[in-house]
Trainee: 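Got a structure here, written out as structure tokens. Questions coming.
No hydrogens, no waters, no symmetry mates; every other heavy atom, side chains included, goes into these values.
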Amino acid sequence: MTNINTFQGDVFIHEYIKHSGDDNNLFGFSGADTFKIATAGADRLTVASSGRVSIGHSLGVPDYIYHTGDDNTYFGFSGADTFKIAT
């Protein structure tokens, strides 16, 4: 492997980290206390300091989404063409 760097301590990034020659795929910091990932020039994942997570297209869910600490209240997909809400 070539061009591998190791850093110790804090690394300060002005705004974004981009692949050389590809400036529409990036990850970095789009504002105060906000982290984002973009592909093909579109925001795909944004995490704000409020805890809000925004997903720019779709989210694949393997089965169910549960509330933390509550394993019998959930929603999700129990099979093809099937949506389930349980309380």
Trainee: What is the ring orientation for Y74 with Y64, classed by angle as parallel under 30°, tilted 30 to 60°, or perpendicular over 60°?
Mentor: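 Perpendicular.
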Trainee: Are F29 and F35 close enough that their ring centers fall under 6.0 Å?
Mentor: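 Yes - the distance between ring centres of F29 and F35 falls below the 6.0 Å cut-off.
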Trainee: Let me confirm one number: the CD1-CG distance from I55 to L45, rounded to the nearest 0.5 Å.
Mentor: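 It comes to 6.5 Å.
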Trainee: Can you tell me how far CZ of F77 sits from CD1 of I65, rounded to the nearest 0.5 angstrom?
Mentor: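 Between atom CD1 of I65 and atom CZ of F77 there are 7.0 Å.
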Trainee: Side-chain contact, heavy-atom cut-off 4.5 Å: T34 with T46?
Mentor: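 Yes, at least one pair of side-chain atoms sits under 4.5 Å.
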Trainee: Atom CG in N24, atom OG1 in T39: separation rounded to 0.5 Å?
Mentor: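 Here the rounded value is 8.0 Å.
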Trainee: For the OG1 atom of T87 and the CG atom of D70, what is their distance to the nearest 0.5 Å?
Mentor: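 Rounded to the nearest 0.5 Å, the OG1-CG separation comes out at 9.5 Å.
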Trainee: To the closest 0.5 Å, what do you measure between NZ (K36) and CG (D43)?
Mentor: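 Spacing of NZ (K36) from CG (D43) equals 3.5 Å.
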Trainee: Following the transitive rule for hydrophobic clusters with a side-chain heavy-atom cut-off under 4.5 Å over Ile, Leu, Val, Met, Phe, Trp and Tyr, establish whether V11 and Y16 coincide in one cluster.
Mentor: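 Cluster IDs for V11 and Y16 differ.
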Trainee: Nearest 0.5 Å please: distance from the CZ atom of R44 over to the OG atom of S58.
Mentor: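 The OG atom of S58 is 9.0 Å from CZ of R44, to the nearest 0.5 Å.
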Trainee: Any heavy-atom pair between the side chains of K18 and L26 that's under 4.5 Å?
Mentor: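 Sidechains of K18 and L26: in contact.
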Trainee: Do Y66 and L59 share a hydrophobic cluster (ILVMFWY, side-chain heavy atoms under 4.5 Å, transitive)?
Mentor: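 Different hydrophobic clusters.
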